[in-house]
Amino acid sequence: MIHIRSCEMGMAAANCYIVHDDGHKGFIVDPGDRSEKLISIIRDEEIDLEYIILTHGHGDHIGGVESILEAFPAAKIVAHTDEKELLNDPSLNLSREVCGKAISFDAGLYVRDGERLKIGEIDLEFIHTPGHTKGGMCILMDIPEGGKALFSGDTLFMQSIGRTDFPGGDYSTLIKSIRTKLYSLPDDTLVLPGHMGATEIGNEKRYNPFVKA
């Protein structure tokens, strides 16, 4: 069984996800702010935290990376290869504005579209979905009990989409990413976004006013 826990973080109310299998092998997605609660959850549940996976590099999704690494130094940062410039440049990742300080770092593992990663019993596939940022990506996870879950970052929300007015953003590219990369997934794919509540691909294809199938 795969266990998923969501924590809302920071002033931007970004969703951070803690995921692990029954063997306690796990990862987190987008730790957006320093959080002792988040660290306590990982310790209390005895999660062997192997990776910090970033859907993109904006400040509200990376603000807690440093504190997580301080607590769990063996964890490795994962990001899309096209997000390297943004992660390294505080003027692009908006960390000063969002976090009140400049944040820059490199990922320990840069991935490309279609690459896969196995963490314990968890199988992940990385889907490059540029538009919100150049190196934005979604993380597709197989659920052993059946179905799939998608960590969609700021690409796709419940009946909404990510902003495209930040550096590296492009509206037509984002729409294309959603139509070609995400709407081809099964309708019952659970979507776990970077902000707001969960949804499903089928619901967004029918009701999302920005991108209908």
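In what follows, every heavy atom counts, from backbone to side chain, and hydrogens, waters and symmetry copies are set aside.
- Contact check for Met137 versus Val111: side-chain heavy atoms found under the 4.5 Å cut-off.
- In this pair, His58 and His56 present their aromatic rings perpendicular. The plane angle is above 60°, beyond the 30 to 60° band.
- The existence of a salt bridge linking Glu66 and Lys101 is confirmed by a sub-4.0 Å separation between a basic side-chain nitrogen and an acidic carboxylate oxygen.
- Nearest approach of Asn208 to Phe157, heavy atoms of both residues: ND2-O, 3.7 Å.
- What you find for Arg34 and Ser67 is that their closest heavy atoms are NH1-CB, 3.0 Å.
- The environment of Arg112 atom CZ is sparse: at most 12 non-hydrogen atoms of other residues, nucleotides or ligands sit within 6.0 angstrom.
- Across Asn15 and Pro193, no two heavy atoms sit closer than the pair ND2-O, 3.0 Å.
- Side-chain contact check for Asp22 and His3: at least one donor-acceptor pair (N or O, by modelled atom type) lies under 3.5 Å.
- Between Phe166 and Thr133 the shortest side-chain heavy-atom distance does not fall below 4.5 Å.
- At most 12 non-hydrogen atoms from other residues, nucleotides or ligands lie less than 6.0 angstrom from NZ of Lys134.
- The distance between the ring centers of His61 and His195 falls below 6.0 angstrom.
- The two residues Ser104 and Asn88 have their closest heavy-atom pair at CB-O, 3.6 Å.
- Here the side chains of Asn203 and Arg206 are in contact, with some heavy-atom distance below 4.5 Å.
- Residues meeting the ring pair (Phe, Tyr, Trp, His ring centres under 6.0 Å) test with Tyr110, sequence neighbours left out: none.
- Between Ile2 and Ile143, the shortest heavy-atom contact is CD1-CA, 4.4 Å.
- Counting non-hydrogen atoms of other residues, nucleotides and ligands closer than 6.0 Å to CD of Gln159 gives a total above 12.
- Inspection of the Asn93 and Ser95 side chains reveals an N or O donor paired with an N or O acceptor under 3.5 Å.
- In this structure, Met11 places its CE atom where only 12 or fewer heavy-atom neighbours from other residues, nucleotides or ligands lie under 6.0 Å away.
- Looking at Asp21 and Lys118, no side-chain N of the basic residue comes within less than 4.0 Å of a carboxylate O on the acidic one, giving no salt bridge.
- Proximity of a side-chain donor or acceptor of Asp30 to a complementary backbone N or O of Gly32 within less than 3.5 Å is not detected.
- Annotation: Lys205, atom NZ; neighbour count of heavy atoms from other residues, nucleotides and ligands within 6.0 Å is above 12.
- Residue-environment remark: CD (Glu46) stays at or below the threshold of 12 foreign heavy atoms within 6.0 Å.
- Residue pairs that meet the ring-ring contact (aromatic ring centres under 6.0 Å, His included) test with at least one member in residues 65-99, sequence neighbours left out, are His80-His128.
- Side-chain contact check for Cys7 versus Ile41: some heavy-atom pair is nearer than 4.5 Å.
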